[in-house]
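Please read all numbers here as calculations on a predicted model, not as lab measurements.
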Amino acid sequence: MHIFIDESGTFTGIGGETPAVSTIGALILTSHSLPKLLRRYERLRANLPKRKGEVKGSLLSEAQVAAVVELLRRNGAIFCASMIDLAAHTADDIAGHRDRRRESLAANLTDGHTPELRAGVAALQDRMAGFSDQLYVQGAVMIDLLYRVMQDMIVYHCQRFPKELAEFHWVVDAKDPTVVTDWEDWWSKTLVIWLQAMSLQRPGAMLPGGDYRHFQRFILPELPAYLREVAPPGDRTYGAGVDLQLMYGESFRFSCDPEPGLELVDIVTNALRRGLVGNLGEAGWLPLRGLMIHRSDVYVRPVGLIRDEDRKLARPLLATMNRFRSGGRIMATRNLQWPEDTTVRE
């Protein structure tokens, strides 16, 4: 399975008077359909607008976006996305969230961890304090998105194309064409730590009827010693958890090349943001629903780095966001029985 990730927006505009929307999207493409998809995209690409030889989503018309989305839909692509409105946040909100996250980096350390590991975590904490609010917010939204990507693609494909769960190839659009930036290096090193903590709090379901034969190498037979003291009790019938280090570390890279997968995720992620801010007509952004997993809540997850539950999405965003409540891909196959209490803890 191939997962391409890109962002749209500047992740700035804290406390502004009008919505300041940024989005991050992940496009999940199956290995078995990828060759056919890329061949057909190459033909479509010939007529798409480009900047310096690269297709950019911001240049596409509604009809062009819709054509790309339809191509992805016909080839089984899944699109997951998170958004944030920085105008609904204050500088204190961001600072408070950063402080809590900084402390949580070391929250699961126990006496069983080596001094070298403890020193490494302390170094990551120090680096985290030095990043701009812009980069910090982008990282927080990215982690939120990847947690949902991990859950959705496993449950969806264990029912349909279980062989796709044998390998995961992650490609993230890079900031600098010449080097991995300090932020990218820090983010990739802390990714598993954040996802581990989220998974302990919100474990994902393992379906009794799902086919996990090809995913088995990622399932831990028992919890590692360093997690036994912090993991809540739960059913270990289907394994103790998922080896996140293996799942994300085996094939994970940043790329600034005009790869087809990165162009495609740029198109759909940019179309989503353009739709939210009113710069793209409905004919362009509404078909995105057909790439998303249907759920009881809105398909596009709004990320809030605040504790005030009374603060809601700005009214100008609500109409568009609420259109993402229907028209998505159905997660469960017809005969699936969803478990009530069977969970796996990553």
Ionic contact status for Arg127 with Asp185, cut-off 4.0 Å:
yes

Per the side-chain contact (heavy atoms from CB on, under 4.5 Å) rule, which among Leu38, Ile3, Leu72 passes with Leu29?
Leu72

Criterion side-chain hydrogen bond (donor to acceptor under 3.5 Å, both in side chains) against Tyr299, the qualifying member of His294, Arg323, Arg325:
His294

Residue pair Asp126 / Arg102, side-chain heavy-atom distance below 4.5 Å:
yes

Is a salt bridge present between Arg217 and Glu167, judged by a nitrogen-to-oxygen distance below 4.0 Å?
no

Could you tell me whether Glu70 and Arg73 make a salt bridge, using a distance below 4.0 angstrom between a side-chain N and a carboxylate O?
yes

Cation-pi geometry met for Arg213 and Phe215 (6.0 Å, 45°)
no

Geometric cation-pi criterion Arg98 and Tyr136, 6.0 Å radius, 45° cone
yes

Test item: side-chain donor near acceptor, Ser255 and Glu259, under 3.5 Å
yes

Going by atom types only, do Asp144 and Ser82 share a side-chain donor-acceptor pair under 3.5 Å?
yes

Tell me, yes or no, whether the heavy-atom count around Gln245 atom CD, taken from other residues, nucleotides or ligands under 6.0 Å, exceeds 12.
no

salt_bridge(Asp152, Arg329) N-O dist < 4.0 Å
no

